[in-house]
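Here's the structure we're looking at; comments come further down.
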Amino acid sequence: MSGNIEQAVRAYNENEEHDIPFSGVIKVSGTEDQSTEAAYGYANRSDQVANRTTTRFGIASGCKIFTAVAICQLVEQGKLAFDTKLSDCTKVSFPNFDPDINVHHLLTHSSGVPDYFDEEVMDDFEELWRERPTYGMTKVSHFLPLFAEEPMKFAPGERFAYNNSGYILLGLIVENVSGLNFRDYVETHIFNSCGMTDSGYFRMDRLPERTALGYIDSEDGWKTNIFSLPVVGGPDGGAFTTIGDLDKFWSALFGYQLLSEKLTQKLLSPQITEDEDTAYGYGIWIGMDGEHVRCRYIMGFDPGVSMVSRVYADFGLRVHVLANIDGAAWQVAADVGTSIRESK
């Protein structure tokens with residue numbers, strides 16, 4: 001499997017569209033205890049500290065599955081239901097929101113609430129922070145002024161439209177229902193439960209050892225992403241983890257250590273369709289071949305952050321790619337997965 005990784009990274013580096021070599025880590029694990037890992041590039045360019053397979057990386061929206069698991073845990077405890085209305089499980093008033101918005105709508109990006117970063121009309125995440133300092137975004141509630149009084153985009157359940165605000169609202173629900181700070185809830189009930197000892201919602205200005213800086217490259221040179229993202233992550237993204245911890249998470253999820261079998265299958269099952277090849281469960285993307293589930297995956301892209309973690313349904317194969325440069329993970333993960341599946 002190591003040859004498949006090297007081949008995929010070489011293909012990425014030789015692509016004329018990529019100005020800099022791949023920088024990040026890759027892990028492939030499968031059945032029969034087969035596993036291989038590799039690391040490329042620098043975690044810190046200034047000091048030339050190399051990335052290692054134990055390096056922690058930001059995973060942007062890859063964190064949405066943690067939020068979804070947290071919600072499902074509260075449902076399992078009887079503290080919440082998927083049809084619970086937003087107005088019944090938060091203490092915040094949203095004057096322009098449809099009163100029929102429920103938890104299921106928020107989990108499946110079908111609520112119609114206005115997105116604070118609307119990918120249909122915006123393409124520069126940094127624009128958000130020109131008038132609102134990133135260092136002030138330390139609580140889930142701090143995101144509310146960005147969208148709480150804006151009009152709805154469409155009626156709840158009408159269609160799929162990827163939405164970060166919906167997951168901010170799910171984080172508020174976790175806090176209100178559990179009585180815990182969102183990050184504390186996830187670290188206690190998910191990270192600790194899985195043995196994910198290298199993972200956390202670390203502050204960008206207080207990163208622990210073995211953490212890769214995110215790099216943004218341009219014609220003027222490179223810069224880190226410390227001023228491009230909220231200072232600490234939350235329900236819609238921004239945690240840090242390792243390829244080893246991601247593997248632990250999948251093992252715990254598929255082993256029903258985080259949720260019952262019934263709720264795990266609900267989270268992993270198609271709940272809404274994006275297009276003919278792609279569905280969405282709860283916090284997780286699902287690649288489809290007609291009615292057949294081909295793979296399940298999480299992904300995240302922010303300035304200086306790129307990640308994909310994919311589980312292939314027919315092979316039990318897992319491919320994790322974490323990168324500390326823009327947009328690098330998708331091609332590498334796809335090439336690794338394709339080459340390994342074709343060799344079986």
When you compare the side chain of [Y] with that of [X], does any pair of heavy atoms fall below 4.5 Å?
X	Y	value
Glu175	Leu180	no
Leu172	Phe143	no
Val186	Phe191	yes
Thr224	Ile216	no
Lys91	Asn176	yes
Gln271	Leu107	no
Ile325	Ser306	no
Leu246	Leu322	yes

[atom1]/[X]: more than 12 non-hydrogen atoms of other groups inside 6.0 Å:
X	atom1	answer
Phe82	CZ	yes
Glu149	CD	no
Glu17	CD	no
Phe154	CZ	yes
Phe254	CZ	yes

Is a side-chain donor or acceptor of [X] paired with a backbone partner of [Y] at a separation under 3.5 angstrom?
X	Y	answer
Asn324	Leu213	yes
Arg183	Gly234	no
Thr55	Arg52	yes
Asp198	Thr242	no
Glu187	Tyr201	yes
Thr188	Tyr185	no
Tyr40	Ala323	no
Asn225	Ser228	no
Ser165	Pro114	yes
Ser269	Gln265	yes

Assess, by modelled atom type and distance only, whether the side chains of [X] and [Y] contain a donor and an acceptor separated by less than 3.5 Å.
X	Y	result
Thr36	Lys27	no
Tyr116	Glu150	no
His320	Asp247	yes
Ser29	Ser35	no
Lys153	Asn163	no
His105	Asn102	yes
Lys262	Tyr256	no
Glu76	Ser260	yes
Lys64	Ser61	yes
Asp245	Thr197	no

Determine the interplanar angle of the [X] and [Y] rings, folded into 0 to 90°, and report it as parallel if under 30°, tilted if 30 to 60°, perpendicular if over 60°.
X	Y	answer
Tyr167	His109	parallel
Tyr280	Trp285	perpendicular
Phe94	Phe97	parallel

Between [atom1] on residue [X] and [atom2] on residue [Y], distance to nearest 0.5 Å:
X	Y	atom1	atom2	value
Asp115	Leu146	CG	CG	10.0 Å
His104	Tyr282	NE2	OH	4.5 Å
Gln7	Ile5	CD	CD1	11.5 Å
Leu267	Cys72	CG	SG	5.0 Å
Leu258	Ile65	CG	CD1	9.5 Å
Ile168	Ser141	CD1	OG	10.0 Å

Aromatic ring proximity Trp330/Tyr12, centre distance under 6.0 Å: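 Not under 6.0 Å, so no.
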Lys NZ or Arg CZ of Arg294 over Tyr312 ring: under 6.0 Å, within 45°: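 Not flagged: Arg294 not positioned over aromatic ring of Tyr312.
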Identified side-chain contact (heavy atoms from CB on, under 4.5 Å) counterpart of Tyr297 within the set Val311, Ile284, Thr278: Thr278
Option passing side-chain contact (heavy atoms from CB on, under 4.5 Å) with Tyr215 (candidates Asn44, Val305, Asp326):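 When Asn44, Val305, Asp326 are each tested with Tyr215, the side-chain contact (heavy atoms from CB on, under 4.5 Å) holds only for Asn44.
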